[in-house]
S.K.: 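Okay, handing you the structure first.
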Amino acid sequence: MKYGTTMSDSATHGEDQEQVRRVKLERISALGRDPWGQRFDGHQPIHEVRALEPQVPPKDEAGHQPPGPPARIAGRVMLRRTAGKAIFLDLRDWTGRIQIFCGKSQVGDDHWALLQEMDLGDLLGIDGTLGYTKTGELTIFATQIEFLGKSILPPPEKWHGLTDVEQRYRNRSVDLFSNQESLAAFLSRSKIIGAVRNTLGGQGFIEVETPTMQAIAGGAAARPFVTHHNTLDLTLYMRIAPELYLKRLLVGGMERVFEIARVFRNEGISTKHNPEFTMMECYQAYGDYHSMMDLTEAIFTSAIQAVDGQFVRPLNGRSVDFTPPWSRRTYSDLFLEHVGCGIDDSDSVVSKAKAKGFDTVGVAHDVLVSNLFEEYVEDALEGPVFVTDYPASLCPLTKRKTSDPKVAERFELFVQGMELANAYTELNDPILQESLFRSQLAGQKAEDSMAKMDTEFIEALKHAMPPAGGLGIGIDRMVMVLLDKPSIRDVILFPLLRPRSEGVAASGTAEVETRPEPKSEFEGM
RNA sequence: GCCCCUUUAGCUCAAUUGGCAGAGCAGCUGACUCUUAAUCAGCGGGUUGAUGGUUCGAGUCCAUCAGGGGGCACCA
């Protein structure tokens, strides 16, 4: 049997593409090759192979290309162009793409036969030499070809890739290998998180891990997910913040700590909210919220340098300048500027609220102020801007200014109306903390499972926690902003989606059962 | 939870007023040893998300359900 054997009739007509590819698996095995491959040592990232270009010798007088440096790569077949007894492939790995030339006489009959069983989407290992084709493209001229993974499902359309958003989120593996910008975003996300770690480490912070399952979900106001430990017969909550544990470490003498924490909030889903998301929280003993502002700028600066170094960045069709230092504005100044009255001017606040259609009867003055701020100010903040010095009544668990107890030492960082970071001078008075906890809990419904006093935390504070600055940065939102991605699902690899209904979800496996299994030495593995 | 939009071949998309479901890519067969989304010739591939309804006739109109997208609400 020579190469170029024809498909059996059953595989030629009326069969789906998976079945056709399963037949090819068999034939690869019949050629004595493993379609799934083995460890493949010594291959070079494609961008490193491309960097060898200066070593490619010039063509001789006859126009022949002397062999260039050897190259050994592994990658996925993205494009294939056949021209008789020559085949051009575009292979891609996670560093780039490069063209492969496979000539029948150059690779030999055995490899040529193997190439007949190759499809778009397969993983190949290639040995060859670097050179140029007639049209001048840098190309690996293959001498050895090895299957490192046969794709038995067809890849998406080669030009458009996978564009259906639902498919991109549900089928992330395919999205990543077929949409370059998707892979690029997640590689950048990793670089951003690396920069966050490096910056904090460089400033003497140590990374810690605190419980994800907590008996009391504290540190924020959000509805938690509930879970259960069987042996202890214990109701546990997925954390909504690492805050209270990190502060206990401050009491213990760990003076600068941070955690890149996955947190879980049982709330709505939107382009800015995923039920689980990543938050960096850090605490610095003997610091305050001003320390945290400087730190925030340093973190963003190093993250931007890690991505592309461009401080003026596109975002939602506009442009944002991240060159530090960023503007720092007090809450009351911004309120006066955008709402048009002082935050203490009760009559004006009420009339402004009424003008916006807010319900004002029986609503506390501070709530009206907060609503007006969200309505008038936040969306107007192009940023990056630190909004500082919040009314103390809006953030009861924050240290107040000694000069003005009505003002809390807090800032939030805004970019185009989106909150990216939140920081406080932490309250370290256990007696005040406990009474504020109690009054906060008094206003909550009994069904809110978070409405519990964290006495262990208060206990720890009683041993004295140093004055400290605390900072939280929403990592997903930070990545969205730096990469100009409109949805949080574009920066989370596997965002939460409702499971597909049975008929659709089961179709893949159901079809396998009804399909005749090709006989193969690899069957059953 | 509410409102709007959306779902057609493996993928990307068409289908006039309600009148025989179509194209490109991918696949299969053949040609071609320098292509660039290769090209050329031929062939196969569909429960139009699901279930009902209106109609002589439904991808198209109506209802319900499901998935997804966007917005609002909830929510720091």
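By convention in this document, chain letters (A, B, ...) are assigned in the order of the sequence lines, proteins followed by strands, and residues within each chain are numbered from 1.
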S.K.: Should A:Lys158 be listed as having a side-chain N or O under 4.0 Å from OP1 or OP2 of B:A37?
M.R.: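 Negative; the distance criterion is not met.
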
S.K.: A:Asp164 CG to B:C13 P: how many Å, rounded?
M.R.: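 Going from CG in A:Asp164 over to P in B:C13 covers 8 Å.
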
S.K.: Kindly give the atom pairs (protein nitrogen or oxygen, nucleotide nitrogen or oxygen) under 3.5 Å for nucleotides 3-5 of chain B.
M.R.:
none

S.K.: Would you say A:Arg170 reaches B:G68's phosphate, i.e. side-chain N/O to OP1/OP2 under 4.0 Å?
M.R.: yes

S.K.: Tell me the interatomic distance from A:His160, atom NE2, to B:A26, atom C1', rounded to whole angstroms.
M.R.: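 Distance check: A:His160 NE2 to B:A26 C1' gives 13 Å.
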
S.K.: For RNA chain B, find the residues of residues 77-86 of chain A with a heavy-atom distance under 4.0 Å and give them by number; none if there aren't any.
M.R.: A:Leu79, A:Arg80, A:Arg81, A:Thr82, A:Ala83, A:Gly84, A:Lys85, A:Ala86

S.K.: A:Lys104 has an atom NZ; how far is it from atom C1' of B:C34, in whole Å?
M.R.: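 That distance rounds to 18 Å.
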
S.K.: Is A:Arg489 close enough to B:G69 that one of its side-chain N or O atoms is under 4.0 Å from OP1 or OP2 there?
M.R.: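 Yes, within the criterion.
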
S.K.: Would you classify A:Ser178 as touching base, sugar-phosphate or nothing, given that sugar-phosphate means primed atoms plus P, OP1 and OP2, and contacts are heavy atoms under 4.0 Å?
M.R.: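 The answer is nothing, as A:Ser178 stays clear of every strand by at least 4.0 Å.
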
S.K.: How many Å lie between CG on A:Asp16 and P on B:C11, as a whole number?
M.R.: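 It is 12 Å, rounded to the nearest whole Å.
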
S.K.: In whole angstroms, how far is the P atom of B:U7 from the CZ atom of A:Arg168?
M.R.: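 A:Arg168 atom CZ is separated from B:U7 atom P by 19 Å.
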
S.K.: Would you be so kind as to tabulate the donor-acceptor pairs closer than 3.5 Å made by side chains of residues 469-476 of chain A, with sequence neighbours excluded?
M.R.:
from: A:Asp476; atom 1: OD1; to: A:Arg189; atom 2: NH1; distance (Å): 2.9
from: A:Asp476; atom 1: OD1; to: A:Arg189; atom 2: NH2; distance (Å): 3.1
from: A:Asp476; atom 1: OD2; to: A:Thr278; atom 2: N; distance (Å): 2.7

S.K.: Give the rounded distance in Å between these two atoms: CG of A:Asp490 and P of B:G69.
M.R.: 10 Å

S.K.: Which part of the nucleic acid, if any, lies within contact of A:Gly474, taking any heavy atom under 4.0 Å across all strands shown: a base, the sugar-phosphate backbone alone, or nothing?
M.R.: nothing

S.K.: Kindly express the pairing pattern of RNA chain B in dot-bracket notation, using | wherever a base pairs with another strand and counting only Watson-Crick or G-U pairs under 3.5 Å.
M.R.: (((((((..((((.....[..)))).(((((.......))))).....(((((..]....))))))))))))....

S.K.: With a non-hydrogen cut-off below 4.0 angstrom, is A:Tyr169 in contact with a base, only sugar-phosphate, or nothing?
M.R.: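 Sugar-phosphate, no base atom in range.
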
S.K.: Can you run down the ring-ring contact (aromatic ring centres under 6.0 Å, His included) pairs that involve residues 377-396 of chain A, sequence neighbours left out, and say none if there aren't any?
M.R.: A:Trp326-A:Phe386, A:Tyr331-A:Tyr390, A:Phe386-A:Phe411

S.K.: On the side chain of A:Thr133, is there an atom forming a donor-acceptor pair with the base of B:U35 - under 3.5 Å, no angle test?
M.R.: yes

S.K.: Assign A:Leu497 to base, sugar-phosphate, or nothing according to its heavy-atom contacts below 4.0 angstrom with the strands shown.
M.R.: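 Sugar-phosphate, no base atom in range.
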
S.K.: Got a sec? Which of residues 266-273 of chain A come in under 4.0 Å of RNA chain B, heavy atoms?
M.R.: A:Glu267, A:Gly268, A:Thr271, A:His273

S.K.: So, does the side chain of A:Gln99 form a donor-acceptor pair with the base of B:U35 at under 3.5 Å?
M.R.: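 By the distance-only test, yes, there is a pair.
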
S.K.: Given ring-ring contact (aromatic ring centres under 6.0 Å, His included), test A:Tyr237 with A:Phe225 step by step and report yes or no.
M.R.: CA-CA 6 Å; A:Tyr237 302 92; A:Phe225 288 91; over 10 Å; no

S.K.: Going by modelled atom types, is there a donor-acceptor pair between the base of B:A26 and the side chain of A:Gln17 at under 3.5 Å?
M.R.: yes

